[in-house]
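Quick notes on the structure that follows.
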Amino acid sequence: MNGRFIDNLPRVYGLYTGGFIVFIGLMAVLEQMGVSADTLGILFVAFTIAIYAGIGWLSRTMQVDAYYVAGREVPALYNGMATAADWMSGASFVAMAGGVYFGGYGYLAFIVGWTGGYVLVNSLLAPYLRKFGCYTVPDFIGTRYGGNLARLFAVIVLVVASFTYVTAQINATGTIAARALQIPFELGVWFGLLGILLCSMLGGMRAVTWTQVAQYIVLIIAYLVPVFWMSNVQGFGLIPQFSYGGAVERIGELETLQGVGTLMPTESYADMRALTTPHASAPDSAMASWKFVTLVLVLMAGTASLPHILMRYFTTPSVRDARRSVVWSLFFIFLLYFTAPALATFTKLQIMDPNLATGIIGKSIVEVQTLDWIEKWSNVGFLAISDSNGDGLLQINEFFMRGDIVVLATPEIAGLPYVISGLVAAGGMAAAMSTADGLLLAIANALSHDLYYKIIDPNADTRTRLIVARILLIIIGAGGALVASLKLSSILGAVAWAFSFACSGLFFPLVLGVWWKRANRQGAVAGMGLGFLAGSAYLYQVRFVGMEPWLGIDHLRFGVVGMAVSLVAMVVVSLLTKEPDAETQAMVDEIRVPGGATVLEQEH
Amino acid sequence: MSDQLSRTATHWRRTRNLTFVTLGIWFFFAFLIHWFGAELNNYSFLGFPLGFYMAAQGSPIAFVILLYLSTRRQEKIDDECGVAE
């Protein structure tokens, strides 16, 4: 191959995608030859991780701008794919369809929030931060407002939000690795971390970018294939996303017949639920609508405040490319997000519909208990069946399972070959690893660039800075794995908290930094400090002390409180103190114009 | 110099207006229609209850199209004001 890697991207990733499809075919052949499902799972996970590690090794670097911003040469399309992988975590891949399965309409707030947030990213922040030319998000806060205190506060919010998030991702890699490789969860967590560090440690942002592109390709294939397959088998048409309306309607009929929402479970199993929420019923009171839109709001504002997403747009060659790459990101994310409700709907129908061969509700308990997938997932404690009313038939309130197995178990529920289960495991691993990589790098970069280089030792040479960055990466990764191995929170709970933490502290200081010239240092410090404190204190009160939530703002939405305090504090304090100096105001004018040199130098 | 100043001022005014329009449409699809999800569910679209459809697909599709169009418009503004890279 001639020329530089960057000029050959379509060929490199085209070959890679082709190679991956050939690999899937090879696994299918092995399955026909009688290779066991467990071996296929191991091959899928091991093979994909080996490729990511290879890319990580090839992208190693000792240059500052390659390490922090991938040399600012990532084309819009590829940055879009990398952002999509960076963004879609274990929660999106594994838990989202399961959430829609159990939560129905109310859960769709996650889909609206996690797509619409990109409108804010594009309109309010990404192009302006790219013009600024910073390495990290606190780099922008620190330079725009001036002073170490503002920078330090931004670092603190970033670390808390991202660390909450990363433990959930390491947890997810541990869960998947444990199941695919048949090792204990505690060991799986450390194995997952090893894979994550192989991708990011040697090459920083450059390595993470090119592995994330590879991970996006794996995860989107793994998510779409089973849904297309099921839809075509069930006769819902070639492109299921547009034609599952009939399935939603059919579920509505079955829900009335089978008593979803009226037949409540009489037993309970840890972490497992029976289906009690109707699929398509909308919030029907002002309070329910309020809860829907407040969740949408914190997810969107959190999207626009999470540093591991914003820093991806620092890697494009120009402001225009940054804008275009936000559009690509949203498109690539959309592909998975508009499939998730389709997947949840098809899986639910497979289980509920007595006319389908896979339907289990209404069948005899003895018969259902002998099904392969029921047996397998019951054995690991993810699923339970109990004849509560003793009539020998399975009712909707006698079937319990964990939400996060919906995606992983769907191929088996629908009776697809094991090669698809292996593919889905590899996809889940890719989703969790790519997000963990981005988050770990965001934390380590903020600590090495903003805390160590900008605040502690501004005279450090390039070599020292990059070595410090790598040591921090290992320490933070190990810390995350340690917390994850304690299993303190479920995957999705911790993810929603990260969004509320981020928007409480960072949303208004970032947005007003671009859009309100009058915003000054004192205001930003007050906005970050008080917003973050108010949000955290409210979370603590509601979640751990048992305070009655105000207006239904529970622990998933505490960012609403944090953001309100942050906005008021920032505006009031800014107006009460001196306006920023002429130099700062000129800097704001400068970032609003796409052309011309960046505010910060290429290497700083 | 004053010519350049007025160019950047025009550019920022147009950029700001575009942003307001974009955020207005965003607000509609992000919050407003979901407030009335129960009412929308009385209507059917492609076989879906409309409220469910808008949350599962309609709004995300609207966001993708909105971002594409507003980015194109912004590029045109940058070019016309002579401030593109």
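Predicted model, so just to flag it, every value in this text is computed and none were measured. We name chains A, B, ... by the order of the sequence lines, and we start the count at 1 in each one.
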(message) Does atom CZ (Arg518(A)) have a neighbourhood of more than 12 heavy atoms from anything else shown, all under 6.0 Å?
(response) yes
(message) Does any backbone or side-chain atom of Leu297(A) lie under 4.5 Å from a heavy atom of chain B? Answer side chain, backbone, both or neither.
(response) both
(message) Just so I understand: if I count every heavy-atom pair under 4.5 Å between each of Phe338(A), Tyr105(A), Tyr337(A) and chain B, which residue has the most?
(response) Tyr105(A)
(request) Measure across Val248(A) and Pro49(B) and return the closest heavy-atom pair with its distance rounded to 0.1 Å. (result) CG1-CD, 3.8 Å
(request) Scan Val64(B), Leu69(B), Leu67(B) and name whichever one has a side chain to side chain contact (heavy atoms under 4.5 Å, CB included) with Val327(A). (result) Leu67(B)
(request) Mind ranking Met54(B), His11(B), Gln57(B) by heavy-atom pairs under 4.5 Å with chain A and telling me who comes out on top? (result) Gln57(B)
(request) Give the member of Leu23(B), Asn41(B), Leu40(B), Leu18(B) that has the highest number of heavy-atom pairs under 4.5 Å with chain A. (result) Asn41(B)
(message) Is any side-chain heavy atom of His34(B) closer than 4.5 Å to one of Val296(A)?
(response) no
(message) Among Lys131(A), Glu249(A), Met300(A), which residue has the highest count of heavy-atom pairs closer than 4.5 Å to chain B?
(response) Met300(A)
(request) For chain A, find which of Leu46(B), Ile61(B), Thr15(B), Leu66(B) contributes the most heavy-atom pairs closer than 4.5 angstrom. (result) Ile61(B)
(request) For each of Ala84(B), Gly37(B), Ser70(B), Ala55(B), tally heavy-atom pairs with chain A at distances under 4.5 Å, and name the one with the top tally. (result) Ala55(B)
(message) Is Ser281(A) close to chain B through its backbone or its side chain, or both, or neither, when contacts mean heavy atoms under 4.5 Å?
(response) backbone
(request) Heavy atoms only: give me the nearest Ala38(B)-Pro283(A) pair and the separation to one decimal. (result) CB-O, 3.4 Å
(message) Before we go on, tell me: are the rings of Phe31(B) and Phe292(A) under 6.0 Å apart, centre to centre?
(response) no
(request) Below 4.5 Å from any heavy atom of chain B, which atoms of Val119(A) appear? Answer side chain, backbone, both or neither. (result) both
(message) Nearest 0.5 Å, please: how far is OH in Tyr68(B) from CZ in Arg324(A)?
(response) 9.0 Å
(message) For the interface with chain B, which of Tyr118(A), Phe242(A), Trp328(A), Phe334(A) has the highest count of heavy-atom pairs at distances below 4.5 Å?
(response) Phe334(A)
(request) Name the member of Ala247(A), Ser318(A), Gly246(A) that forms the most heavy-atom pairs with chain B at distances under 4.5 Å. (result) Ser318(A)
(message) If you count heavy-atom pairs within less than 4.5 Å of chain A, which of Pro60(B), Ala30(B), Ser44(B), Ser59(B) leads?
(response) Pro60(B)
(message) Please tell me whether Asp589(A) and Thr8(B) have a donor and an acceptor in their side chains that are separated by less than 3.5 angstrom.
(response) no
(request) Enter the distance from Thr19(B):OG1 to Leu120(A):CG here, rounded to the nearest 0.5 Å. (result) 11.0 Å
(message) Is it true that, when you exclude Phe228(A) itself, more than 12 heavy atoms of the residues, nucleotides or ligands shown sit nearer than 6.0 Å to its CZ?
(response) yes
(message) At a 4.5 Å cut-off on heavy atoms, which part of Val100(A) comes close to chain B: side chain, backbone, both, or neither?
(response) neither
(message) Under 4.5 Å from any heavy atom of chain A, what part of Gln74(B) do you find: side chain, backbone, both or neither?
(response) side chain
(message) Could you report the tightest heavy-atom contact between Asp78(B) and Pro594(A), atom names first, then the distance?
(response) OD2-CG, 3.4 Å
(message) Please find the pair of heavy atoms, one from Ala286(A) and one from Trp35(B), that lie closest to each other, and give the distance.
(response) O-CH2, 3.8 Å
(message) In terms of relative ring orientation, are Phe52(B) and His279(A) parallel, tilted or perpendicular, with 30° and 60° separating the classes?
(response) tilted
(request) Select one option (side chain, backbone, both, neither) describing which atoms of Trp12(B) are under 4.5 Å from chain A's heavy atoms. (result) side chain
(message) Using modelled atom types and a 3.5 Å cut-off, is there a donor and acceptor pairing between side-chain atoms of Arg320(A) and backbone atoms of Glu75(B)?
(response) yes
